[in-house]
Amino acid sequence: MTTSEPRWEHVSTLFASLIDATDDERERILTTQSSDEWVVSEVRSLLHANDAADGRFDDTAMSRLTPEQRAGLAPPDALVSRRRVGAYEVIRKVGEGGMGAVYEAVRADDAYHQRVAIKTIARGAESTIIAARFRRERQILAELQHPNIAVLLDGGVTDTDTPYFVMEYVEGAPIDEWCRTHRLSIAQRLDLMLQVCKAVQYAHQHLVVHRDLKPQNVLVSTESVVKLLDFGIAKLVQSTGDELQGATIVTQDGLTPMTAAYASPEQLRGESVSTSGDIYSLGVMLYELLAGVPPFPSAGRSPAQLAEVVLTEMPPLPSVACTDLAARDTGEGTRGRLARKLVGELDAIAMMAIRKEPSRRYSSVEALSEDIRRYLRGMPIAARADTMGYRVQRFITRNRWPVATTAALALVAVISGAIIARQAGVAQREAARTARISEFLQAVLGAADVSSAGGMLPRLGPRASVGALLDSALRRVPLEFADDPAVRARLYLTIGSSLISQSRMRDASVVLDSAIALTRAAYGATSDVYALALLEAGTAAMHRNQTGHARELVLQAQSALSGDDRADTELTGRAFRDLASLALIDNEYDTMVQYAQRALATETRRTSAATLSKVVALNRLSAGAMLQGRTAEADSLLRVAYIDLLAMGAGSNIEMLDVQYNRQGVAIERGRLALADSIIDDGMRLSLQTFGANSRERALFLSARSTRALATGNLPAAQSASDTAIHIIDSIPDVVTNVRVTVHFTRAAIAMHEGRWPAADSAMRIVLQDMRETPRGIQLVQALMSHGFVLSQLKRYAPADSQYARAQEVYDASGLRLVSLARVLHASRGMAYGFAGNLAAMEREFATLPAEQSTWYRNFVMKTIRDDSVTTARARRQH
Amino acid sequence: MASRSMRQERDGHTLQPTALVHEAFLRLVDQRSANFESRRHFFAVAATLMRRILVDHARRSQADKRGYHMVVPLQNHMDAAAPEATHEVLEIDEALKRLATLDARQAQVVELRYFAGLSVEETAAVLDVSERTVKRDWAVARAFLHRALDPALER
């Protein structure tokens with residue numbers, strides 16, 4: 001470090017060490033620590049200044065100024081009452097804008113009465129440039145004649161070189177305030193937004209971009225008419241490098257005033273702004289009107305922080321971010337009701353508009369308006385993936401059929417129909433077949449509308465009735481379609497898939513085995529249907545813990561799909577995603593990441609819409625990130641997966657449960673317990689709703705709840721959740737290992753927390769027993785480590801060390817890079833050695849730790865040994 | 001019912017705390033040639049810019065008080081309240097320049113914390129040092145500035 005005074009370092013260190021010292025100590029140390037008079041006197045005077053300090057630096061420089069001063073600091077080109085500006089006479093100041101002040105004025109001559117607003121741009125150096133630009137642009141801006149756009153009447157430069165604009169005077173309130181004061185409902189707010197969109201769309205058609213859309217620029221007049229202000233002004237005021245060359249620049253003034261909360265990412269990055277930027281700002285406004293808060297609230301954040309957040313973080317969904325106040329202001333009453341109203345379509349519309357990449361937003365304001373209109377009419381919206389599946393579901397909702405599973409059935413049938421139709425030369429025959437299938441399904445599913453039909457089937461809950469339907473369909477298929485193996489093949493495939501979504505994996509496997517054989521025979525070994533049957537069967541096998549068999553099936557599907565023309569198809573993407581999932585179960589992390597990346601790449605090439613394969617790939621990649629300790633990355637990946645699932649209308653899909661489960665884990669890991677709670681609640685609700693109280697899914701979330709309770713030391717809650725989870729697991733056959741292990745591990749963790757070491761020991765033994773088929777993986781490392789720790793607490797040092805040794809082996813062989821985990825392992829092992837009296841070995845383990853940590857652990861061990869021996873000695877003395 | 005065409009910006013919606021800060025920030029992002037290798041560079045530059053803006057404006061407002069021909073109520077008000085805070089900024093700026101010759105990093109800590117409002121943790125991240133180092137630097141710098149601003153303490 002170059003400095004004019006090399007002794008300053010000494011001064012600094014000395015000063016810092018003496019801040020909290022008493023006067024006596026200070027004197028003593030000062031006289032002994034330095035022979036340099038200058039150093040001593042510097043330190044003394046700094047200490048004196050520090051003691052006398054008045055806290056003026058506790059806030060930021062900005063906060064030291066009064067609002068007037070701050071406003072006044074933006075320089076002083078203020079207009080005064082009765083002053084003539086162009087053809088107008090200023091009456092009074094009505095407010096401060098981001099760019100300058102605003103005044104009310106009237107026409108100076110008595111030609112006619114016109115009330116206007118004059119907006120001054122508080123910039124000194126560039127006024128000539130701005131004025132020149134205005135003359136150029138005036139024509140365009142004057143053309144903006146629209147009932148929802150405040151007319152720009154005139155503009156110019158005052159005699160003191162202050163640029164100003166004259167526009168129609170609008171009486172009204174900013175749109176957010178208006179909605180709040182009038183307690184407008186969601187639908188009414190959407191209607192207002194449509195007015196806003198119309199205006200912006202009109203301007204875009206005239207090649208004018210607003211660039212600074214925000215509630216303050218969108219007023220609602222007393223007649224409830226929306227008026228947009230400041231169109232095009234932002235553009236005029238913005239500076240560009242070339243134009244500044246001629247002007248004398250005192251300071252680098254003259255940039256577009258921007259409100260980070262509403263500015264698009266590309267604007268914040270200084271890139272050129274297009275209509276897409278306006279769409280983003282509209283999206284933020286819509287978000288705020290729906291949720292009551294903007295997606296990136298600026299409270300408590302510095303501008304740089306806010307920009308950072310806007311550029312890199314995903315905002316919460318409106319349904320998640322909405323506030324109680326918003327619920328009240330929209331007339332929904334409770335936050336829950338508002339959230340339910342926003343979930344799904346409105347979430348999707350808002351989120352699509354505020355996507356970070358311009359190309360992923362609505363392509364035009366008209367498209368955004370169209371989606372809002374469609375929502376209001378109950379039609380399917382574009383923001384969700386443009387899949388048949390979604391349309392089907394929406395259609396079903398409108399006709400009030402029971403629930404998602406029937407949609408899933410129809411969806412699979414339609415997909416397999418679509419797949420088949422693609423294959424050349426069989427179109428006609430297949431069309432007829434598809435029709436037969438549809439009829440059949442219609443007939444079967446039609447019976448589900450129990451309420452109207454008076455019921456062929458007894459009145460059961462939705463899940464039960466679909467299950468019964470599937471069984472009945474299964475019985476009918478071989479009878480009704482004995483003549484047509486192709487149709488039978490596809491129906492078995494459909495039914496098998498449905499059984500999977502019902503979590504009836506064993507049944508699904510049986511049915512899908514038939515489907516495999518039949519599709520191969522009827523459609524050939526390279527057909528898509530055959531590949532699909534194999535993939536579905538693989539999924540069922542995976543859920544039944546038969547990973548080897550599952551992998552074979554998926555690989556067979558890949559062979560069936562070989563060929564360049566199939567490289568980027570949906571099924572190919574799915575095959576990769578399934579292989580990634582299988583790799584995860586087998587703890588083959590590198591393989592998992594590779595497959596997940598290929599799945600994501602394939603899917604992304606195929607479509608820009610959200611797809612299940614993308615979601616699963618993201619889920620796996622997030623696991624990969626977690627295992628490398630990249631928690632924030634894992635969090636973002638999962639967030640995207642979550643939103644994509646919602647956008648797909650797959651809110652109650654199995655994958656959603658998985659994603660939510662992982663999200664809550666990451667949230668806990670990041671210390672965001674409140675967020676974790678809300679995700680766990682959601683997951684619990686979904687599990688119950690989709691799979692019932694006695695499901696592995698619910699058990700998983702109960703474990704999650706238990707772990708989260710442990711995070712704040714709430715043992716009773718942790719215990720009760722864990723007990724329920726164990727109870728469920730014990731009563732279900734064929735539970736995937738990962739789930740069982742998680743549940744038992746949680747129980748062990750609780751015992752460890754309570755210091756019930758014998759109980760922890762037996763619980764960990766069960767866990768390790770469950771894991772004996774898993775020769776590798778992070779859970780194994782954690783299990784071995786934990787068991788080692790438990791054993792050392794029970795003073796069984798030799799067995800403890802062998803567990804630690806094994807944990808180290810597995811960790812080293814795993815390719816994992818989790819520094820904190822590795823450190824804890826060394827620390828625990830070191831402590832165990834220490835307690836056992838093997839200090840040399842203890843030091844060896846501690847040698848890998850940072851100095852501070854090893855010191856701490858060493859002291860801890862010593863203290864524990866000392867305390868132990870004191871206790872023992874005391875006990876002995878008493879006898 | 002409020003019936004004005006334009007209204008006061010509310011804090012919640014603007015970059016805190018004012019248009020002034022907009023500028024600093026926007027100068028930053030509009031420097032198309034600026035090549036921010038990393039966030040850290042970004043923050044550091046932002047802090048310096050904010051300091052410059054405040055100082056520039058403080059200087060200008062001082063100059064303005066010496067008889068700008070626009071006479072406006074607001075101006076008077078500002079006159080009455082003002083001299084301290086704006087003057088102080090200039091003094092702090094001078095003192096910081098002196099500090100920078102002694103210890104560049106300590107001066108930078110002041111820019112980041114006092115002008116850009118970053119927390120200790122964020123400052124440590126930007127400067128790539130430990131939080132302890134930041135705290136120490138801040139303590140020294142603060143004492144230095146206090147001493148510089150208070151004539152009684154300055155030797």
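The analysis underlying the following values was restricted to heavy atoms, covering all of them including side chains, and did not include hydrogens, waters or symmetry mates. Residue numbering restarts at 1 for every chain, and letters A, B, ... go by the order of the sequence lines.
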Review point. How far apart are the C-alpha atoms of I92(B) and F57(A), what are their side-chain angles, what is the distance that settles it, and do they pass the side chain to side chain contact (heavy atoms under 4.5 Å, CB included) test?
Key: CA-CA 11 Å; I92(B) 292 174; F57(A) 292 108; 3.7 Å; yes

Point to revise | side chain to side chain contact (heavy atoms under 4.5 Å, CB included) between N50(A) and H146(B), worked out | key: CA-CA 7 Å; N50(A) 192 60; H146(B) 272 299; 5.9 Å; no

Practice item. Dump the intermediate steps for side chain to side chain contact (heavy atoms under 4.5 Å, CB included) on L99(B) and W8(A), then the final yes or no. Key: CA-CA 10 Å; L99(B) 178 61; W8(A) 188 253; 4.1 Å; yes

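Between A49(A) and A143(B), the shortest heavy-atom contact is CB-O, 3.6 Å.
More than 12 heavy atoms of other residues, nucleotides or ligands lie within 6.0 Å of CZ in R7(A), so this atom counts as buried by the packing criterion.
The pair E42(A)-R147(B) meets the salt-bridge criterion, with a side-chain N (NZ, NE, NH1 or NH2) lying under 4.0 Å from an Asp/Glu carboxylate O.
Contacts of T13(A) with chain B are made by both backbone and side-chain atoms, with heavy-atom separations under 4.5 Å. The parts of L46(A) that come within reach of chain B are both its backbone and its side chain, each placing non-hydrogen atoms under 4.5 angstrom from that chain.
For the atom pair OG1 (T101(B)) and CD (E5(A)), the distance works out to 9.0 Å, reported to the nearest 0.5 Å.
A side-chain N or O of Q106(B) and one of S12(A) form a donor-acceptor pair less than 3.5 Å apart.
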